[in-house]
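Structure, as structure tokens:
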Amino acid sequence: MNSDKQENTNTPKQQGHFLYQWIAADVAAGKNGGNVVTRFPPEPNGYLHIGHAKAICLDFGMAEEFNGRCHLRMDDTNPLKESDEYADNIKYDIKWLGFDWGEYFYSAADMFDQMYQIAENLIISGQAYVCSLSQEEWKEYRGVPTEPGKESPARNTSPEENLALFRRMKAGEFADGTKCLRAKIDMSSPNIHFRDPVIYRIMHAAHYHTGDKWCIYPMYDFAHPIEDALEGVTHSMCTLEFEVHRPLYDWVIDRMDEMGMLVIRNGNKIRPQQREFSRLSLTYTVMSKRLLLQLVENNKVDGWDDPRMPTICGMRRRGYPPMAIRNFCDSVGITKFISTTDFSLLEETVRAELNRTAERRLAVFNPVKLIIDNYPEDQEEFFDAVNNPEDESAGTRKIPFSRELYVEADDYMKDPPRKFFRLAIGKEVRLRYACLFTCTHVIEDDNGNVTEIHGVMDMDSRGGTAPDGRTVRGTIHWVSAKHAVEIPVRLYDRLFTVEDPLQDGSSNFMKYLNEDSINEVKALAEPSVAKFKPGEHVQFERSGYFFADPEDSRPDNIPVFNRTTTLRDSWAKNSSKK
RNA sequence: UGCCUCAUGGUGUAACGGUAGCACAAUUGACUCUGGAUCAGUUUGUCUAGGUUCAAAUCCUAGUGAGGCAACCA
């Protein structure tokens, strides 16, 4: 028993990314009593995007891995930007991804009283003071990194004087920006964040959560470590740009420790620690809330949940399954290296998931009539089709068949290249699930466009199997002309035309918008497609994965189908190369 | 420039002093009632220069390149 324990403490599992190892080492060493508490701390000032999903998977994932818990906390210390609408949608998105914070929901605003108390304590112990310098003046006093700054004239005023001033700030006696509370640290530190950082500012603004109770609000650098400490968070993970803030984070934790305000859990004093990892970047999109907001406000997209947006809600409407997003987040890994992930990796993860789960249907997007001349005019019959070849339990369905069908115009070629295995005069193809068909002739209009494809079926090939076992290379999809239903579809493509829309700065990114990123068309589908419910996925064979849009559907209850992603198409890839 | 950080195929990541591996992308073939899926194969890499060591992607030194910080935003 004893030796077992020793082995555990000395050999943390040497696998997983660096943050995993960091936590594993703490657990093995018995730090915080071996408990792990993480947190995901969004500011409710925008919608969550795929970059946040990476952080969510990390924060909740590490908690689960070490049998701990992950808090959800609204980091709402700036009333000017935050709202309930954002907070509600953030919660919805996290749940949709499949994570649960249980009873551990927090709001920074709920800790304003304690933050205020800590600020007063700092003033009393001479570690904070009220400064009246204007922002311009302060900029000059703070100085540049290469040389020490200058002390604020208020730096050495007495605690009594500062306390009185701070209380008057709280009482609303001063206008915005005329005064602020600064931590008294080190004006000559090479780390700018140590040069007496502002920890409270005056903002006469109603907070979506606390209303008019406050007119002073804490700054991030002060609030965040307090939030972590008060909640008893053990491991606080954030993105790389906060690396230089870490000494200040630790400074605040030290002060709380001196004040005896750190949480004691099971006899262990919980001292939160911060570590940083690289944020996610994706090709062909932008990931900053600010820029996404610009797209929304300039009507370049249809809102935060436009299926072209890299937001969680946009991807949901596009038809990306939550598991695909989680698998993607796992596969990009956690490092400190600033990298850009190929969008195709995300798409491939989505295809992998949908290939397993989505039912197949036949739909024709660019129809041309195909007539089976040896099939009786008034006859119709039904053929069995497999719903999902990757999942036998999905069963089969019947597809109606008749003399006149629609097929893709692209599936016919007048002068086909040698490796074209589709319709051409004299060639035999398989009509998926139905029969073998040989094209005999076509009818063209005055412009040379094919209006009808004619041919004959092998009457012994019903169901699509060759009676003599001959191989037929090409199989094409079709719908029966008199049975087909018309469905609205939205074909989406990437939002930007270049891998890095910010290649010449964030002010010019809109010029790289892809004008062709949405294409609304009609398609003809087999009748069963009309029965799809909003929120269901489908693969239209040989075309792509589609998602019945939960927001829009027609009066006849046929949904609008958003194209989630195309199928891989090695024929198109090869032929476009030539 | 001051402080902090990072550097492995086209892209992203693994290797924790001992055979540079995996995924995506690219490419060849097999198979196939989706030119999908599946299976098999191929191509491409340790930023540079020194040092320590029997042995370095890994440790040390210097250089180079990239990023972050200098809001009363988070």
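In what follows, every chain begins at residue 1, and chains take the letters A, B, ... in the order their sequences are listed. None of these values were measured; they are calculated from a predicted model.
In this entry the distance linking CG of A:D569 with C1' of B:G35 reads 7 Å, nearest Å. Rounded to an integer number of Å, the gap from CD of A:E137 to C1' of B:C72 is 14 Å. Atom CD in A:E276 sits about 18 Å away from atom P in B:A74, given to the nearest Å. When rounded to the nearest whole Å, the span between CG of A:D221 and P of B:C73 equals 12 Å. We find that CD of A:Q135 is positioned 13 Å from P of B:A70, with the value rounded to whole Å. In this structure, the CZ atom of A:R473 is 12 Å from the C1' atom of B:G29, given to the nearest Å. In this structure, A:L240 atom CG and B:A7 atom C1' are separated by 13 Å, rounded to whole Å. Whole-Å rounding puts the A:L346 CG to B:A23 P distance at 19 Å.
Comparing B:G35, B:G2, B:C73 by their nearest atom to the side chain of A:R201 picks out B:C73. Residue A:S344 has its side chain nearest to B:C24 when only B:C24, B:C16, B:C72 are considered. Side-chain atoms of A:N78 lie closest to B:C73 of the nucleotides B:A70, B:C73, B:C72. Closest to the side chain of A:K419, out of B:G35, B:C73, B:A70, is B:G35. Comparing B:C6, B:G2, B:C72 by their nearest atom to the side chain of A:K336 picks out B:C6. The side chain of A:L567 sits closest to B:G36 out of B:G35, B:G36, B:A71. With distances taken from any side-chain atom of A:E241 to the nucleotides B:A26, B:C72, B:G68, the minimum falls on B:G68. Proximity note for A:H193 (side chain, C-beta onward) versus B:U34, B:A37, B:C69: the nearest is B:C69.
Between A:Y20 and A:H17, the ring planes lie perpendicular to each other; the angle is over 60°, past the 30° to 60° tilted range.
A salt bridge links A:E348 with A:R351: the distance from a Lys NZ or Arg NE/NH1/NH2 to an Asp or Glu carboxylate oxygen falls below 4.0 Å. A salt bridge does not link A:E359 to A:R397: none of the charged side-chain nitrogens sits closer than 4.0 Å to a carboxylate oxygen. The pair A:D196-A:K184 does not count as a salt bridge, with every side-chain nitrogen at least 4.0 angstrom from each carboxylate oxygen. Using a 4.0 Å cut-off between charged side-chain N and carboxylate O, A:R470 and A:E428 make a salt bridge. A salt bridge links A:E231 with A:R73: at least one charged nitrogen is closer than 4.0 Å to a carboxylate oxygen. By the 4.0 Å N-to-carboxylate-O rule, A:E241 lies close enough to A:R279 to be salt-bridged with it. With respect to A:R563 and A:D493, no salt bridge is recorded, no charged nitrogen being found less than 4.0 Å from a carboxylate O.
Taking every heavy atom of residues 243-252 of chain A and every atom of RNA chain B, pairs under 4.0 Å involve A:E243, A:V244, A:H245, by number. The stretch residues 381-397 of chain A touches RNA chain B through A:P389, A:E390, each having a heavy atom under 4.0 angstrom from the strand.
Across all strands shown, A:F420 has heavy atoms under 4.0 Å from base atoms, whether or not it also approaches the sugar-phosphate. Counting any heavy atom pair closer than 4.0 Å across all strands shown, A:R351 reaches no nucleic acid atom. Heavy atoms of A:L133 sit under 4.0 angstrom from at least one base atom. In this structure, A:S189 reaches neither bases nor backbone, as no heavy-atom distance under 4.0 Å exists between it and the strands shown.
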Checklist entry - How does each nucleotide of nucleotides 9-14 of chain B score, in 5' to 3' order, for protein heavy atoms under 4.0 Å: base (B), sugar-phosphate only (S), or none (-)? => result -BSSSS
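For the pair A:S570 and B:G36, the criterion of a side-chain N or O lying under 4.0 Å from OP1 or OP2 is met. Between A:R142 and B:A71 there is a side-chain polar atom (N or O) within less than 4.0 angstrom of OP1 or OP2. At least one side-chain nitrogen or oxygen of A:K573 sits closer than 4.0 Å to the OP1 or OP2 atom of B:A26. In this structure, A:R542 does not reach the B:U32 phosphate: none of its side-chain N or O atoms is under 4.0 Å from OP1 or OP2. For the pair A:R360 and B:A37, the criterion of a side-chain N or O lying under 4.0 Å from OP1 or OP2 is not met.
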Item to check | Secondary-structure notation, RNA chain B, from Watson-Crick and G-U pairs under 3.5 angstrom (| other strand) | outcome: .((((((..((((....[..)))).(((((.......)))))....(((((..]....))))))))))).....
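Remark: A:R195 is not positioned above the aromatic ring of A:W138, lacking an NZ or CZ atom under 6.0 angstrom from the ring centre and at most 45 degrees off the axis. Taking the centre and axis of the six-membered ring of A:Y284, the NZ or CZ atom of A:R494 falls inside the cone set by 45° and 6.0 Å.
Across the C1' atoms, B:C39 and B:U44 are found 23 Å apart, a figure rounded to whole Å. B:U8 and B:A40 are spaced 29 Å apart, taking the P atom of each and rounding to whole Å. Taking atom P in both B:C24 and B:G18, one finds a spacing of 28 Å when rounded to whole Å.
Formation of a donor-acceptor pair under 3.5 Å by the A:E82 side chain with backbone atoms of A:Y208 is not found in this model. Judged purely by atom type and a 3.5 angstrom limit, A:D76 has no side-chain atom pairing as donor or acceptor with the backbone of A:P44.
Within the structure, the ring-ring contact (aromatic ring centres under 6.0 Å, His included) test picks out no pair touching residues 329-361 of chain A (sequence neighbours left out).
Within 6.0 Å of CZ on A:R462 lie more than 12 heavy atoms contributed by other residues, nucleotides or ligands. The local environment of CD in A:Q503 is crowded, with over 12 non-hydrogen atoms from other residues, nucleotides or ligands closer than 6.0 Å.
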Item to check | ring pair (Phe, Tyr, Trp, His ring centres under 6.0 Å) assessment of A:F561 paired with A:F540 | outcome: CA-CA 10 Å; A:F561 288 88; A:F540 291 136; 5.6 Å; yes
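The side-chain contact (heavy atoms from CB on, under 4.5 Å) test applied to A:D410 returns A:N366, not counting sequence neighbours.
Residue-nucleotide stacking is not present for A:Y220 and B:A74, judged by a side-chain ring centre under 5.5 Å from the six-membered base ring centre and planes under 30° apart.
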